[in-house]
2 protein chains.
Amino acid sequence: MSLRSQLLKGILDGCVLAVIEKEPVYGYELSKKLQEFGLSDVSEGTIYPVLLRLQKNGLIMGEMRPSESGPNRKYYFLTKEGKESLNMIVSEWKQMVEPVNSLFKGRDENEGETFN
Amino acid sequence: MSLRSQLLKGILDGCVLAVIEKEPVYGYELSKKLQEFGLSDVSEGTIYPVLLRLQKNGLIMGEMRPSESGPNRKYYFLTKEGKESLNMIVSEWKQMVEPVNSLFKGRDENEGETFN
DNA sequence: TCAGCTATTTTGTTAAGCAAGATAGCTGGG
DNA sequence: CCCAGCTATCTTGCTTAACAAAATAGCTGA
């Protein structure tokens with residue numbers, strides 16, 4: 001598993017909720033959108049389990065809609081609980097990023113190779 | 001498992017390496033230091049497996065030293081590989097934080113309760 | 001009709017945080 | 001002297017998450 005994958009843990013739910021909050025999307029579209037945002041390698045095998053879990057927990061609602069070209073799509077909407085959860089996730093995220101950034105701050109990235 | 005715990009995944013290794021880079025520490029001390037930094041609830045059951053894994057991967061080296069008051073302590077030092085790995089982790093971290101922050105930006109945190 | 005795209009779902013693997021507890025050395029009070 | 005309590009390390013078992021891979025299936029156009 002890649003380093004990037006590990007960093008995704010725990011925050012992917014938040015990213016998914018944030019995208020859905022802006023506008024309802026279906027899974028296939030969602031994985032493309034996240035990749036555009038810079039979260040590469042977020043494939044269907046990752047996205048669909050997340051969507052199912054979020055729906056099971058009542059944070060999003062799925063609704064099947066016919067597609068003009070292709071199989072039906074299941075569009076997801078944020079519930080009230082989803083919005084509240086997203087607020088909490090964003091808040092926790094900020095509280096997490098700050099100490100990590102301060103730990104990483106002021107490092108000389110070439111320290112290991114300065115004395116060649 | 002808490003949201004905080006999930007967010008820790010993948011970045012805890014980097015945090016541990018960053019602390020050890022500044023000065024060699026032993027496990028018990030490390031868990032206290034991380035808590036001071038704002039990474040609460042990082043207990044021994046979390047720290048020791050991380051240290052063992054990092055050592056197994058050659059990123060840190062452990063050295064037993066007698067304590068003036070209490071049982072012996074195993075101090076850990078960063079290896080060259082550890083420094084290189086830390087550089088990579090910090091770099092990936094930055095590439096990760098940016099898109100997530102942009103996804104979370106500009107949200108009205110009271111949106112769900114504005115119309116009570 | 002069938003190849004290829006879109007789209008969803010499931011299964012199984014790997015790995016991480018962590019609570020809980022085992023082990024053990026040291027110190028000081030009774 | 002001994003045992004309670006602190007320091008310190010390590011292990012076991014549980015839960016959850018990312019994700020590769022494959023199964024399923026609808027639609028379109030050649």
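Each chain gets a letter, A, B and so on, in the order the sequences are listed, and its residues count up from 1.
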Identify, with sequence neighbours excluded, every residue that meets side chain to side chain donor-acceptor pair (under 3.5 Å) alongside B/Tyr28.
B/Lys32
May I have the distance from A/Lys33 (atom NZ) to C/dT6 (atom C1'), rounded to whole angstrom?
17 Å
Rounded to whole Å, the CG-C1' distance (A/Leu12 to D/dT16) equals 13 Å
Check this one for me: any side-chain N or O of B/Lys74 less than 4.0 Å away from OP1 or OP2 of D/dC10?
yes
For a quick test of your reading: what N or O donor-acceptor pairs under 3.5 Å do the side chains of residues 99-106 of chain A make, sequence neighbours left out?
{"residue": "A/Asn101", "atom": "OD1", "partner": "B/Trp93", "partner atom": "NE1", "Å": "2.9"}
{"residue": "A/Ser102", "atom": "OG", "partner": "A/Pro99", "partner atom": "O", "Å": "2.9"}

Hits for salt bridge (Lys or Arg N to Asp or Glu O under 4.0 Å) against B/Lys74, two or more places apart or cross-chain, chain-then-number order -> none
The side chain of A/Pro49 is closest to which nucleotide in this list: D/dC19, C/dG17, D/dT9?
D/dC19
Should A/Arg53 be listed as having a side-chain N or O under 4.0 Å from OP1 or OP2 of D/dA18?
yes
Atom NZ of A/Lys9 and atom P of D/dT15: how far apart are they, to the nearest Å?
16 Å
Rounding to a whole Å, what distance do you find between A/Gln55:CD and C/dT10:P?
11 Å
Residues at least two apart in sequence or cross-chain that pass ring-ring contact (aromatic ring centres under 6.0 Å, His included) with A/Phe37, listed by chain then number, are none
Salt-bridge contact B/Glu84-B/Lys80 (side-chain N to carboxylate O under 4.0 Å):
yes
Listed nucleotide nearest any side-chain atom of B/Tyr26, set D/dT11, C/dT8, D/dT9
D/dT9
Return each pair, listed once, that meets salt bridge (charged side-chain N to carboxylate O under 4.0 Å, His left out) where at least one residue sits in residues 45-70 of chain B; pairs must be two or more places apart or across chains.
B/Asp13-B/Arg53, B/Glu63-B/Arg65
Counting only side-chain N and O atoms of A/Tyr48, is one of them less than 4.0 Å from OP1 or OP2 of C/dA7?
no
A/Leu51 CG to D/dA18 P, in whole Å, measures 11 Å
I'd like to know if A/Arg107 and B/Glu21 make a salt bridge, using a cut-off of under 4.0 Å between side-chain N and carboxylate O.
yes
Rounded interatomic separation in angstrom, taking CG from A/Leu30 and P from D/dC19
13 Å
Please determine, for the side chain of B/Tyr28, which listed nucleotide (D/dA18, D/dT9, C/dC18) has the closest atom?
D/dT9
Starting from C1' on D/dT7, measure out to CD on B/Glu44 and report it in whole angstrom.
10 Å
Between A/Gly45 and A/Asn72, who's closer to the 5' end of DNA chain D by nearest nucleotide?
A/Gly45
Sorted by number, residues from residues 61-71 of chain B placing a heavy atom under 4.0 Å from DNA chain D are B/Pro71
Mind checking if B/Val50 touches a base, just sugar-phosphate, or nothing, with heavy atoms under 4.0 Å?
sugar-phosphate
Is A/Lys32 close enough to C/dT6 that one of its side-chain N or O atoms is under 4.0 Å from OP1 or OP2 there?
no
For A/Ser43 and D/dA20, is the shortest distance between a side-chain N/O and OP1 or OP2 below 4.0 Å?
yes
To the nearest angstrom, how far is B/Gln6 atom CD from D/dC14 atom C1'?
13 Å
Residue-phosphate contact under 4.0 Å: A/Thr46 side-chain N/O, D/dC19 OP1/OP2
yes
So, the side chain of A/Thr79 versus the backbone of A/Gly58: is there a donor-acceptor pair under 3.5 Å, distance only?
yes
